[in-house]
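The structure appears below as structure tokens.
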Amino acid sequence: MAPPIGNDSKEASPDVGNRGPSRRSLLAGVTALGAFGALGAAGCSRVATASGENGGDLLDRLKAQGVVRLGIAGEIPFGYIDKDGELTGEAPELARVIFKRLGVDRVQPVPTEFGSLIPGLKSQQFDVVAAGMYINAERCAQVIFSDPDYQMLDAFIVRKGNPKNLRDYKDVVKSGAKFATGTGYAEIQYAVEAGYKESDILIVQDQVAGMNAVEAGRVDVFAGTALTTREVVKKSGKVESTEPFAPLVDGKPHTDGGGFAFRPTETRLRDAFNVELKKMKDSGELLRILRPFGFTKNEMTDLTAKELCGG
């Protein structure tokens, strides 16, 4: 889940912020292979698209149908099909609760590749993107977002004791450490912005492969999201996760946030969704729903989609 640069190339990361990456990575941490085959972010739009009549009628149609189709990308812990063939993840579980309160009783997963989520939404293959998608300006030019249900910082996987004292990307550059991150991860750009040569970055499949590379001494550090790194190191006695930190984007500390994406005409549905999401944030219910997926109080946020879209 650690969070493409540009529009939909990922954050995750299972994945991005005001200017660049998507959520954790640029592609998807785990690609959904089928409805039961995959295991393992007030919005704004920069598109000059006229809103639907009275903000669109999708909410009314969903109530009549009794089901909402959720676009997911098979990425743990954001949205995926578990080993029992059941839809789960932080975004689908949150969607279940909110849509129930909006009068829509059921959610139906539509698995696809991460890079196909926005095109699939626009072509009406599903009704909402529920994949923990990072909210950034490029995506805000194509869809509208709910306010983020989580925020995310980066962290490193390093050898026990952090022998090279690596706390951020500048430390990696200064130390000459061997650096790895995941395929399409936003962390690639963060490292390059700090001065690391892109051709020297070891690209691995995901955080598990990154942990294995650190354990084997192939690299000194693997970069991912704070959530994914702290969860994966629980499986190892040789490595640890560093304290979360904000990468620098255009020289400023940057925090990513992920949420739900809607077609630009469906402002009524997006606004109704935001109302329920705000209630859950205020009551603490949101954290209770997300906690089983590794989220903590540090991942709760008051950021808005407007802020993450760039104003």
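Residues take their numbers from the sequence shown, with the count starting at 1.
- No side-chain donor-acceptor contact under 3.5 Å links Thr228 and Glu231.
- Between the side chain of Glu276 and the main chain of Phe273, no donor-acceptor pair closer than 3.5 Å is present.
- Side chains of Gln125 and Thr112: a donor-acceptor N/O pair is absent below 3.5 angstrom, by distance only.
- A donor-acceptor pair under 3.5 Å links the side-chain atoms of Arg230 to the main chain of Gly294, judged by distance alone.
- Under 4.0 Å is where a charged nitrogen must lie from a carboxylate oxygen, and between Asp302 and Lys281 no such pair does.
- A distance of 10.0 Å separates CZ of Arg263 from CD1 of Ile144, quoted to the nearest 0.5 Å.
- Checked against a 6.0 Å centroid threshold, the rings of Tyr185 and Tyr190 do not count as neighbours.
- Formation of a donor-acceptor pair under 3.5 Å by the Thr229 side chain with backbone atoms of Gly224 is not found in this model.
- Salt-bridge formation is detected for the pair Glu285/Arg101: a Lys NZ or Arg NE/NH1/NH2 atom is positioned less than 4.0 Å from an Asp or Glu carboxylate oxygen.
- The backbone N or O of Glu215 sits less than 3.5 Å from a side-chain atom of Arg159, completing a donor-acceptor pair.
- The backbone N or O of Gly66 lies less than 3.5 Å from no partner atom in the side chain of Asp105, so there is not a single donor-acceptor pair.
- Judged by distance alone, the side chain of Asp168 and the main-chain N or O of Lys170 form a donor-acceptor pair under 3.5 Å.
- Judged by distance alone, with hydrogens and angles left aside, the side-chain atoms of Ser146 form a donor-acceptor pair with the main-chain N or O of Phe260 at under 3.5 Å.
- Looking at Gln151, its side chain never comes within 3.5 Å of a backbone N or O of Thr301 through a donor-acceptor pair.
- Side chain of Asp154 to main chain of Thr225: no donor-acceptor pair is present (N/O by atom type, distance under 3.5 Å, no hydrogens or angles).
- With salt bridges taken as basic N to acidic carboxylate O contacts below 4.0 Å, one links Asp127 and Arg69.
- Minimum heavy-atom separation, Ile72 to Ala130: CG2-O, 3.6 Å.
- Taking every heavy atom of both residues into account, Leu102 and Lys63 meet most closely at O-CE, 2.8 Å.
- With hydrogens and angles disregarded, a donor-acceptor distance shorter than 3.5 Å links the side chain of Tyr196 to the backbone of Phe179.
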